[in-house]
Amino acid sequence: MSNIGSGSSDSSEGSAPRGGEDLPSKTPPGPDGLPVVGNVRSLVRDPRGFYDEMSEYGNVVSYRLPGMKFCTVLHPELIERVLMVDYDRYAKWGFEDFGGEFAPEGLVLTDGEQWRRQRTTIQNAFTVERIRSYGDTMARGATEMINEWDDGEEIALNRAFSKLTLDVLTRSLFDLKLSEETGIVTEFAETFNDRGSIDGVSTFLPMWIPTPENRRYKRVLSEFRSFVEGLIDERRGRADEYDDLLSLLLTAEDDDGNVMSETEIRDQMVTFLFAGHETTSLALTYTFLELAKNPSVRDRLDAEHSSVLGGGAPELGDLDNLSYSERVIQESLRLYPPAFILLRKATEDTELGGYRIPKGTRLTLPPFYVHTDERWYDAPESFDPSRWTEGFEDSLPDYAYFPFGGGPRHCIGMRFAMLELKIVLAIVAQSVEFELLSDPEPELDMATTLRPAEDIRMRVSKS
Ligand code: HEM
């Protein structure tokens, strides 16, 4: 094991000792001495620069934001400790802590026994077979999107993919076709993302302060919840006629014969509509942005598509043969991880990297930073799918790449997302070339997800 911590004891192997006595006394170093406001300001102004500064202090670094103790973890072995080995010493935290109600009883935010019960039930909607059955919906959605574009038209790629992935999600998981009346779903997704932006002052203010952002968020959340409740009411009593996530949520019983409460079902739907939509849409957007900037990568991808698919839509059996496509997606998720920071909170005093982590400390695990660390990646800023050779993957520490998280809380939708990414990539790339019209180095906004600050504009050229 490498020397990854510099605290008073090296107990980084295995899990941390239980019980206060064996814990080191030193807490992690960091820019703690700075005035509190200083940390907020530099985090908001330049998140990457902020993390660069913190990395000077080591692999486990503490800092403060108003009223909260934070600690960031920058080494794969320690990230693995938090997500995988000692996961039961950390709880999830996030949006709720800043006062923005979202879906407290949904899978992303529950903990302990409630989370375990929900995850076991919901897992049944994400078996390999179920997910493969969504492939047709994904292909149909991509084809319909392309048919709406005219040759030579200028489009906002991020918006087009956002509509597509939302449509795929609502059709596969809730058997719902988006229309005018469902505009609230898109509005909620946008408002929610805005609310979580780290450059939005409101993000750090309690929800009861009636800022315009808070008022708008509350109004949209309440409309969105009513919309979801309407869907649930409509489906109740007819759940056995359907074979999707919503019916599963309405009918599934746990080992003790209990069904999910009304609030739990509503919060699951809110959670899935958000967690599965913007993330996948951003992955598609950044993949096509990099393809437009890297013609040699695009050529190689086109060659693979034509040799494996010959211009047609991918059959499920073809997908395993699209190995270069997979590397293109992998590289895009490395440079632009949509879930760019994972959040945890210590539920007891514990040890990490030789330091004491006091109960209540909020941990940030930043894929966006670790994925471009020169310790693990050569030329980390360049988009190079061919770096993903078998040899490279074997030599890469496990948690130097974690776009879908890890341990028991890893992304439940990972297979769903990878299937959608491969299918949409194949269908779009085989029928359309894009000419990039906006900035090739777009400014990224660290909102709830890592989104472009301005639209990514492309001119469509149909082949
Ligand atoms: C490229 C697309 C996606 C990315 C990058 C992504 C990323 C992630 C990450 C990093 C986590 C772990 C968060 C943490 O540990 O704090 C997560 C969890 C989760 N994701 Fe995804 N995700 C994607 C697509 C999806 C899709 C398509 C769905 C649903 C269909 C989904 C549903 C969820 C849910 C419900 C959780 C919480 C799981 C739990 O805590 O048990 N995600 N995702």
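Just follow the structure's listing: the first ligand is 1, and inside any ligand the first atom is 1. Note that the numbering runs from 1 along the sequence shown for the chain.
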- Are any of the side-chain nitrogens in Asp167 or Arg171 under 4.0 Å away from the carboxylate oxygens of its partner? yes
Are there any N/O pairs under 3.5 Å between ligand 1 and the protein, and if so, what are their distances?
unit_1	atom_1	unit_2	atom_2	d
ligand 1	15 (O)	Arg344	NH1	3.4
ligand 1	15 (O)	Arg344	NH2	2.8
ligand 1	16 (O)	Arg344	NH1	2.9
ligand 1	40 (O)	Leu107	O	3.4
ligand 1	40 (O)	Arg409	NE	2.8
ligand 1	40 (O)	Arg409	NH2	3.1
ligand 1	41 (O)	Trp115	NE1	2.8
ligand 1	41 (O)	Arg119	NH1	2.7

- Task: Could you tell me whether Phe272 and Phe416 have their ring centroids closer than 6.0 angstrom?
- Result: no
- For Glu441, salt bridge (Lys or Arg N to Asp or Glu O under 4.0 Å) partners two or more places apart: Lys293
- Taking 4.0 angstrom as the limit, do Asp86 and Arg81 come out as a salt bridge? yes
- Phe50 and Tyr63 aromatic centres sub-6.0 Å: yes
- Query: How about Tyr51 and Phe368: are their ring centroids closer than 6.0 Å?
  - Reply: yes
